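None of these values were measured; they are calculated from a predicted model. In this chain, residues are counted from 1 in sequence order.
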Amino acid sequence: MKRPLFSIVIPPPNVTGMLHMGHALNNTLQDIIIRFKRMQGYNTLWMPGMDHAGIATQNVVEQQLMKEGLSRHDLGREKFIARVWEWKEKYGGVIINQLKRLGCSCDWKRERFTMDEGLSKSVREVFVRLYNEDMIYQGDYIVNWCPRCHTAISDLEVEFKHDQSFLWNIRYPFADGSGNIVVATTRPETMLGDTAVAVNPADVRYKGRVGKFVILPLMNKKIPIIADDYVTMDFGSGAVKITPGSDPNDFAMAQRHKLEIISIMDGKGIINERGGKYKGQDRYEARKNVLADLEKGGYMVGTEPYAHNVGQCYRCKTDIEPMISKQWFVKIKPLAKQAIAAVVKGKTRIVPASWEATYFDWMNNIRDWCISRQLWWGHRIPVWYCDGCGKVIVTTVEPDKCPDCGGASLKQDEDVLDTWFSSALWPFSTLGWPNKTKALKTFYPTSLLITGFDILFFWVARMMMMGIYVMKDVPFKDVYLHALVRDEKGEKMSKSKGNSIDPLLMIDQYGTDAFRFTLAAYTAQGRDVRLSPERIEGYKFFVNKIWNASKLTLNNLADFDESAPVTASDSLPDKWIKAKLNEAIGEVTHSLDEYRFNDAAAAIYRFIWHEFCDWYLELSKPVFYGKVTPEQRQATQRTLREVF
């Protein structure tokens, strides 16, 4: 008889990662489901693996080199990559052994790595397919740039911090000498690249001003006043400076109005030659000097406190800088359209369903995906340029000559692909695609994905888009999004607060079973998990209860003969405990089918502690220690063994 199928792919932890509470919760829940399905007789797969973590891993190795007085440029690209592989073999993947300590029963022999040969092949195959179908393009565009990591990062890799700063009001004189217009800005240093001032077309305060020119302070050049619906009339004076090279919204406005686009900073956040006398200054040093010069020139109208969100690199926490850069992009809207439809039609179910609205909102407003990164560690973009004729060659295998002119002087694109590009292929690349493997045929689409809500867009949405595009089917049927693990007061855990909990320490102190059961017991849909060592200790008593019950049970089964014929009917306590067992099985099964882990844990706790231990074991003691017939003893032993 053919067994039903059930498969899960693990959210691949970074090769640089160490087990934290998020990993512990996520993998405990996956382990519960996969063991549950095995017990039900399913043919199961729990696919393990790791992500190469481009930025994080390169940073780790570069820091090692710094201690030796070297940089990656001293080694060169090939030797640096060899050094990263050396680091990976020696120090990387610690988290895999930590997951094993957590009790994860993955199919460890199938472990994959996003940079292994098979997955690298799948990455090149998808890139070339997208390119040939005009879904990938290269162009100058404004991107989120990290001056520390020296690479573009996607919108999703930008974290926002709440910053208490200022709103500076600056006077821009009309070119005809008829007065001035006041603009408000939170980033005065970027005015060096202003190419317009914008107002809302419905703003009566500026009637007759649109089309006139003002003089850009400090740079002494004329720029126009334009009207655009994007401008908010109640922000500052209602007039805003337009700096297309330093703001994505200004960039879009510049494209609409055909404005000049100027970049005033280099990749390190240093003002370049387009910044006039401020050339060579760090962006924040330039801010101080620009403000001083505006004050000196009589352009400063006033300053007011202003709280706003500042974007930071998710890796190094450096303030990001929007910059114009030549990058590779995926045209994402056609892919997003299909991924939206898959959820609407129920091909993929998101649990809890409350996350569907967030998914739809983000996917409906998605922008093209910048997939190139200015790194050395990662999947190098499979594009070559011919020095002879300028031909762009996009292919899955390295070419030895140009197909147009026959020249052998070819240079590969320097950039690598965004780490999330390879991760987006995970549900099918790990099963052997593009080869038609038995594993791929058997286990795709996968049954379930369990992950944190915080990577719904980073990873889940991108897997949806790529799975449907490549495999013509959704990558998973259910997506269960768990919440965050917080401290007992509901605060986010952090080392700086001193409220973080080390899962490995909890395992050492209270045991893996108690730790895992606590996580399950507090995992309710849509609610954060509030955890404390005291709560884990509480479930250690439960595990001890099971241990003591097992000793009592096994001691009384020492003389039990399983093959002996049944000669006595069940007693009332035997019938009662079997009925309770069936109730518990039904409740646990239903709860796990609906991913209500806390309800399943509560049913198990209630049955084992209160019904099996408190009642049935006590009711069986007179049978084992009193004067009963061998047939009665055997009947109770049979029930005890079955229930236990």
(message) Please verify the inter-ring angle class for Phe457 with Trp362; under 30° counts as parallel, over 60° as perpendicular, anything in between as tilted.
(response) parallel

(request) Verify, without hydrogens or angle tests, whether Thr419 (side chain) and Gly54 (backbone) share a donor-acceptor contact under 3.5 angstrom. (result) yes

(message) If we ignore hydrogens and angles and just use 3.5 Å, is the side chain of Ser591 paired with the main-chain N or O of Val588 as donor and acceptor?
(response) no

(request) Compute the ring centroids of Trp377 and Trp85, then answer whether they are less than 6.0 Å apart. (result) yes

(message) Could you check whether any side-chain N or O of Ser122 sits under 3.5 Å from a backbone N or O of Leu119, counting only pairs where one atom can act as donor and the other as acceptor?
(response) yes

(message) Are Ile371 and Ile136 packed together at the side-chain level, in the sense that at least one heavy-atom pair is separated by less than 4.5 angstrom?
(response) yes

(request) Begin from the C-alpha positions of Lys317 and Gln312 and carry the test side-chain contact (heavy atoms from CB on, under 4.5 Å) through to its verdict. (result) CA-CA 5 Å; Lys317 310 307 178 189; Gln312 293 185 319; 4.3 Å; yes

(message) Does Phe160, at its CZ atom, have more than 12 non-hydrogen atoms belonging to other residues, nucleotides or ligands within less than 6.0 Å?
(response) yes

(request) Could you pull out the closest heavy-atom pair between Arg38 and Ser105, with the gap in Å? (result) NH2-O, 2.6 Å

(message) Can you confirm whether His23 sits close enough to Pro503 that some side-chain heavy atom of one is under 4.5 Å from a side-chain heavy atom of the other?
(response) no

(request) Quick one: pull up CG in Leu425 and CZ in Phe127 and give me the separation to the nearest 0.5 Å. (result) 12.5 Å

(message) For the NZ atom on Lys337, are there more than 12 heavy atoms of other groups (residues, nucleotides or ligands in this structure) within a distance under 6.0 Å?
(response) no

(message) Tell me if the aromatic rings of Trp355 and Tyr359 count as close, with their centers under 6.0 Å from one another.
(response) no

Going by atom type alone, with no hydrogens or angles, which donor-acceptor pairs under 3.5 Å involve a side-chain atom of residues 470-477 and a protein atom two or more places apart or on another chain?
{"unit_1": "Lys472", "atom_1": "NZ", "unit_2": "Tyr469", "atom_2": "O", "d": "3.0"}

(message) On a heavy-atom basis, which atom in Ala520 and which in Ile32 lie closest, and how many Å separate them?
(response) CB-CD1, 3.8 Å

(request) For the pair Asp487 (side chain) and Lys489 (backbone), establish whether a donor and an acceptor sit closer than 3.5 Å, ignoring hydrogens and angles. (result) yes

(message) With a 6.0 Å cut-off (strictly less than), is the heavy-atom count around CZ of Arg35, excluding the residue itself, greater than 12?
(response) yes

(request) Starting from the C-alpha separation in whole Å, work towards a yes-or-no answer on side-chain contact (heavy atoms from CB on, under 4.5 Å) for Tyr522 and Leu25. (result) CA-CA 10 Å; Tyr522 284 97; Leu25 173 64; over 6 Å; no

(request) Taking the side chain as every heavy atom from C-beta outward, state whether Met463 and Leu449 have any pair of such atoms under 4.5 Å apart. (result) yes

(message) Over 60° means perpendicular and under 30° means parallel, so tell me whether His482 and Tyr480 are parallel, tilted or perpendicular.
(response) tilted

(message) Within the supplied structure, the quantity of interest is the number of heavy atoms (other residues, nucleotides, ligands) at a distance under 6.0 Å from Lys347 NZ; does it exceed 12?
(response) no

(request) Examine distances only and state if a side-chain atom of Thr589 and a backbone atom of Gly586 form a donor-acceptor pair shorter than 3.5 Å. (result) no

(message) Check whether Asp107 reaches the backbone of Trp46 with its side chain - one donor and one acceptor, N or O, closer than 3.5 Å.
(response) yes

(message) So does Glu594 get a backbone contact from the side chain of Gln525, meaning a donor-acceptor N/O pair under 3.5 Å?
(response) yes

(request) Determine the minimum heavy-atom distance between Thr430 and Arg112, stating which atoms define it. (result) O-NH1, 3.0 Å

(request) Identify the heavy atoms of Val143 and Gln327 that sit nearest to each other, and give their distance. (result) CG1-CG, 3.8 Å

(request) Grab the two heavy atoms, one from Ile320 and one from Pro322, that are nearest each other, plus how far apart they are. (result) O-CD, 4.0 Å

(message) Measuring from atom CG of Asp116 to atom CE of Met50, what distance do you get when rounded to the nearest 0.5 angstrom?
(response) 10.0 Å

(message) As an exercise, state the distance from CG of Leu431 to OG1 of Thr446, rounded to the nearest 0.5 Å.
(response) 8.0 Å

(message) Applying the ring-ring contact (aromatic ring centres under 6.0 Å, His included) criterion to Trp433, which one of Phe428, Tyr444, Phe443 satisfies it?
(response) Phe428

(message) For a 4.5 angstrom cut-off between non-hydrogen side-chain atoms, does Phe421 reach Trp369?
(response) yes

(request) Compare all side-chain heavy atoms of Arg462 with those of Asp418 and state whether any distance is below 4.5 angstrom. (result) yes

(request) Would you sort out whether Glu414 and Gln374 count as a side-chain contact (heavy atoms from CB on, under 4.5 Å), showing the intermediate values? (result) CA-CA 7 Å; Glu414 292 288 328; Gln374 290 64 53; over 6 Å; no

(request) With the side chain counted from C-beta on, respond yes when His20 and Met493 share a heavy-atom pair under 4.5 Å apart, and no when they do not. (result) no

(message) Can you confirm whether Ile96 sits close enough to Trp108 that some side-chain heavy atom of one is under 4.5 Å from a side-chain heavy atom of the other?
(response) yes

(message) Regarding Lys492 and Asp528, does a basic nitrogen lie under 4.0 Å from an acidic carboxylate oxygen?
(response) no

(message) Against the six-membered ring of Tyr42, is Lys37 placed for a cation-pi contact (under 6.0 Å from the centre, within 45° of the normal)?
(response) yes

(message) Quick check against the 3.5 Å criterion: does Arg535 have a side-chain atom that pairs as donor or acceptor with the backbone of Arg530?
(response) yes

(message) Can you tell me how far apart CG (Asp51) and OG (Ser423) are? Round to the nearest 0.5 Å.
(response) 3.5 Å

(message) Counting neighbours of CZ on Arg77 that are heavy atoms of other residues, nucleotides or ligands and sit closer than 6.0 Å, is the number greater than 12?
(response) yes

(request) Give a yes or no on whether a salt bridge exists between Arg349 and Asp478, defined as a side-chain N under 4.0 angstrom from a carboxylate O. (result) yes

(message) Counting only heavy atoms from other residues, nucleotides and ligands, does the tally under 6.0 Å from NZ of Lys497 exceed 12?
(response) yes

(request) Please list, chain by chain and in numerical order, all residues satisfying ring-ring contact (aromatic ring centres under 6.0 Å, His included) with Tyr137, sequence neighbours excluded. (result) Phe329

(message) Taking side chain to side chain donor-acceptor pair (under 3.5 Å) as the criterion, tell me which of Asn27, Asp31, Thr28 meets it with Arg516.
(response) Asp31

(request) Identify the heavy atoms of Ile501 and Ser532 that sit nearest to each other, and give their distance. (result) CD1-CA, 4.0 Å

(message) With side-chain hydrogen bond (donor to acceptor under 3.5 Å, both in side chains) as the criterion, how do Asn26 and Gln30 come out once you've worked through the C-alpha distance, each side chain's angles and the decisive distance to 0.1 Å?
(response) CA-CA 6 Å; Asn26 179 269; Gln30 290 179 78; 2.5 Å; yes

(message) When you measure from the side chain of Gln338 to the backbone of Met465, do you find a donor-acceptor pair of N or O atoms at a distance under 3.5 Å?
(response) no

(message) Are the side chains of Trp376 and Arg380 in contact, using a 4.5 Å heavy-atom criterion?
(response) no

(message) Evaluate Ile450 against Tyr595 for side-chain contact (heavy atoms from CB on, under 4.5 Å), listing each step before the verdict.
(response) CA-CA 10 Å; Ile450 296 182; Tyr595 312 120; 5.6 Å; no

(message) To the nearest 0.5 Å, what is the distance between CZ on Arg101 and CZ on Phe515?
(response) 10.5 Å

(request) To the nearest 0.5 angstrom, please state how far the CG atom of Leu335 sits from the CG atom of Leu130. (result) 6.5 Å

(message) Quick check against the 3.5 Å criterion: does Arg124 have a side-chain atom that pairs as donor or acceptor with the backbone of Thr396?
(response) yes

(message) Check this for me: does any side-chain nitrogen of one of Lys540 and Glu537 sit under 4.0 Å from a carboxylate oxygen of the other?
(response) no

